[in-house]
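Accompanying notes for the structure given below.
Residue numbers count from 1 along this sequence.
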Amino acid sequence: KDVERRVLIQTEIRDRILCVDINEADSRGGFATLESLFDEFAVPIHSAQEVNYLIHQFKLFSELCLGRNHVCKASIERKFPIHCLVDSMWSPNLPTEIRAAFASMLSNIYLDAEPRAEIIVPFLSRIMTDQESNVLLDKNKAYELRLMAEDKDVMTDKMSEGGYR
């Protein structure tokens, strides 16, 4: 935990809003909403370098969850609930680079997850090739000719028995 605090910018969810502690390194502390870091009218409480570090941290979290890495997913999923990622991803107040990182996290954590597995869906219809079509037509013609021959035989038998006049 101590290493995590020293290496990563801390985040937490407050009232369903993602907050970050960008000033922890200064020992001033205090969480601010992620959107307030990018508000042009707010008093700048952060440096561009810290914000860039935060963006790359979110990208790192996304990459750690790639490929169904369940250990990382379990840890990061607790820090970033699905509602938080969706809200942040669609927020017009955040730069596109950070929104893309949230979209990637959403995909890697929640969409590429168990029990999603490839299933074989039965094909109820298919497109036949010309060769298959010709074979089928030939079979149908042969079947029709056989039915006609059987009908002719039945009619001939009936006529010989005196059934048809």
Taking atom [atom1] of [X] and atom [atom2] of [Y], what is their separation to the nearest 0.5 Å?
{"X": "R14", "Y": "F31", "atom1": "CZ", "atom2": "CZ", "answer": "5.5 Å"}
{"X": "F61", "Y": "S104", "atom1": "CZ", "atom2": "OG", "answer": "13.0 Å"}
{"X": "F102", "Y": "S91", "atom1": "CZ", "atom2": "OG", "answer": "9.5 Å"}
{"X": "S62", "Y": "I109", "atom1": "OG", "atom2": "CD1", "answer": "7.0 Å"}
{"X": "M105", "Y": "I82", "atom1": "CE", "atom2": "CD1", "answer": "11.5 Å"}
{"X": "L18", "Y": "T33", "atom1": "CG", "atom2": "OG1", "answer": "9.0 Å"}

Any [X] side-chain heavy atom under 4.5 Å of [Y] side chain:
{"X": "L66", "Y": "E63", "answer": "yes"}
{"X": "I13", "Y": "C19", "answer": "no"}
{"X": "F80", "Y": "T11", "answer": "yes"}
{"X": "E77", "Y": "Y110", "answer": "yes"}
{"X": "L34", "Y": "I98", "answer": "yes"}

Backbone N or O of [Y] within a donor-acceptor pair of the [X] side chain at under 3.5 Å?
{"X": "D21", "Y": "Q10", "value": "no"}
{"X": "R99", "Y": "S88", "value": "no"}
{"X": "E35", "Y": "L94", "value": "no"}

For this session: Find out if a path of hydrophobic residues (ILVMFWY) with successive side-chain heavy-atom gaps under 4.5 Å connects L60 to F58.
Result: yes

Problem set entry | Joint cluster assignment, L85 & I17, ILVMFWY side-chain distance < 4.5 Å | no

Exercise. Does the distance from a Lys or Arg side-chain N to an Asp or Glu carboxylate O, for E97 and K59, drop under 4.0 Å?
Worked result: yes

Exercise. Are any of the side-chain nitrogens in E144 or R146 under 4.0 Å away from the carboxylate oxygens of its partner?
Worked result: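 Looking at E144 and R146, the cut-off is not met.
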
Problem set entry | For C65 against I76, the heavy-atom pair lying closest together |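 Looks like SG-CD1, 3.7 Å.
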
